[in-house]
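Note that ligands are numbered from 1 as they come in the structure, with each ligand's atoms numbered from 1 the same way.
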Amino acid sequence: MRKHIVAGNWKMNKTFEQADDLLNEISEKMEAVTLGRDTQVIVCPPFPYLEMTSDYSDESYFAAGAQNVSDQEEGAYTGEVSAAMLQSMDMEYCIVGHSERRAYYHETDEIVARKVNQLLKHEIRPIVCCGEVLEEREANRQFDVVKEQITNGLFHLSAEEFGQVVIAYEPVWAIGTGKTATPEQAQEMHAFIRSLVAEKYGKEVADDTSILYGGSCKPSNAKELFANPDVDGGLIGGASLKADDFLSIAMSF
Ligand code: PEP
């Protein structure tokens, strides 16, 4: 059975000390809250704080994840971080193909596919982002766009490999804008994504795949988004930078 997942994407925020404080607050507050047994909370800080996050996660109820990974195994790739390095720091998850990486760092579906391969090789679960920009939605092309991203980025995997993947649908027009997809828009796209997975890998694999929503998800709208049958949680940006907001979202199932 698929998991409910709430993953915090800190992006390029927090100094070392601020990160320490936030991790400490999340850890302490998680002790006091009751989450559903099938709810997985994940914290994805910037690279320099991964070791600290991994240490906190050992003592707490959340898992640690990275925000990016190299598509190469090792060697002369200045500034890159490999999946082997993430594995050696006990990362359980890694975000791939976030719209900011696609837009600002030219991450294509082919690069996403190579990153996914690297992560799976090193036993890290990829959280693979997909989603359309505003002009594509206005042209009613959102389903074509998402289908292409998922097909090119993921459908080279075997069913067993695909079983490790988490998908995050993030309409780009809703990220960091305060504009959220309606619960109906989210459900419609999530059901579509699940149908693509079922077509490729069968119903059982599709039923086991966690599909997260991302885009201005906050305590005030998480409940109605997560109430949809195909919305299995959220990838949370801005609201993951405050422990209370983040945990309130995690309690919204
Ligand atoms: C994100 O960056 O993945 C995201 C969903 O951001 P926000 O929640 O701030 O819209």
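- Closest to atom 8 (O) of ligand 1, if we only count protein heavy atoms, is Gly237 N, 2.9 Å.
- Placement of Val6 and Ile175 in two distinct hydrophobic clusters is found when ILVMFWY residues are connected by side-chain heavy-atom separations under 4.5 Å, directly or transitively.
- In summary, the side chains of His190 and Asp232 do not present any donor paired with an acceptor at a separation below 3.5 Å, with no hydrogens or angles considered.
- Put simply, part of Ala174 is less than 4.0 Å from ligand 1, judged by heavy atoms.
- Checked by atom type, the side-chain pair Asp230/Gln187 shows a donor-acceptor distance below 3.5 Å.
- Applying the ring-ring contact (aromatic ring centres under 6.0 Å, His included) test to every pair with at least one member in residues 193-246, sequence neighbours left out, gives these pairs: Phe155-Tyr201, Phe162-Tyr201, Phe226-Phe253.
- The protein heavy-atom contact nearest to atom 9 (O) of ligand 1 is Gly238 N, 2.8 Å.
- The shortest heavy-atom distance from Gly176 to ligand 1 is under 4.0 Å.
- Looking only at distances, a side-chain donor or acceptor of Tyr49 sits under 3.5 Å from a matching main-chain atom of Lys14.
- Contact check for Gln40 versus Leu35: no side-chain heavy atoms found under the 4.5 Å cut-off.
- Not a single N or O atom of Leu235, backbone or side chain, sits closer than 3.5 Å to an N or O atom of ligand 1.
- Side-chain contact between Met91 and His122 is absent, with no heavy-atom pair separated by less than 4.5 Å.
- When only non-hydrogen protein atoms are considered, atom 1 (C) of ligand 1 lies nearest to His98 NE2, 3.2 Å.
- Close contacts between ligand 1 and Gly214 involve ligand atoms 5 (C) [criterion: under 4.0 Å to a heavy atom].
- From the protein, the heavy atom lying nearest to atom 3 (O) of ligand 1 is Glu170 OE2, 2.6 Å.
- Among the atoms of Lys11, some N or O lies under 3.5 angstrom from an N or O of ligand 1.
- Contacts between Ile175 and ligand 1, counted as non-hydrogen atom pairs separated by less than 4.0 Å, involve both the backbone and the side chain.
- Every atom of ligand 1 with a heavy atom of Gly215 under 4.0 Å away is listed here by number and element: 5 (C), 10 (O).
- The closest donor-acceptor contact from the side chain of Gln67 to the backbone of Lys11 lies under 3.5 Å.
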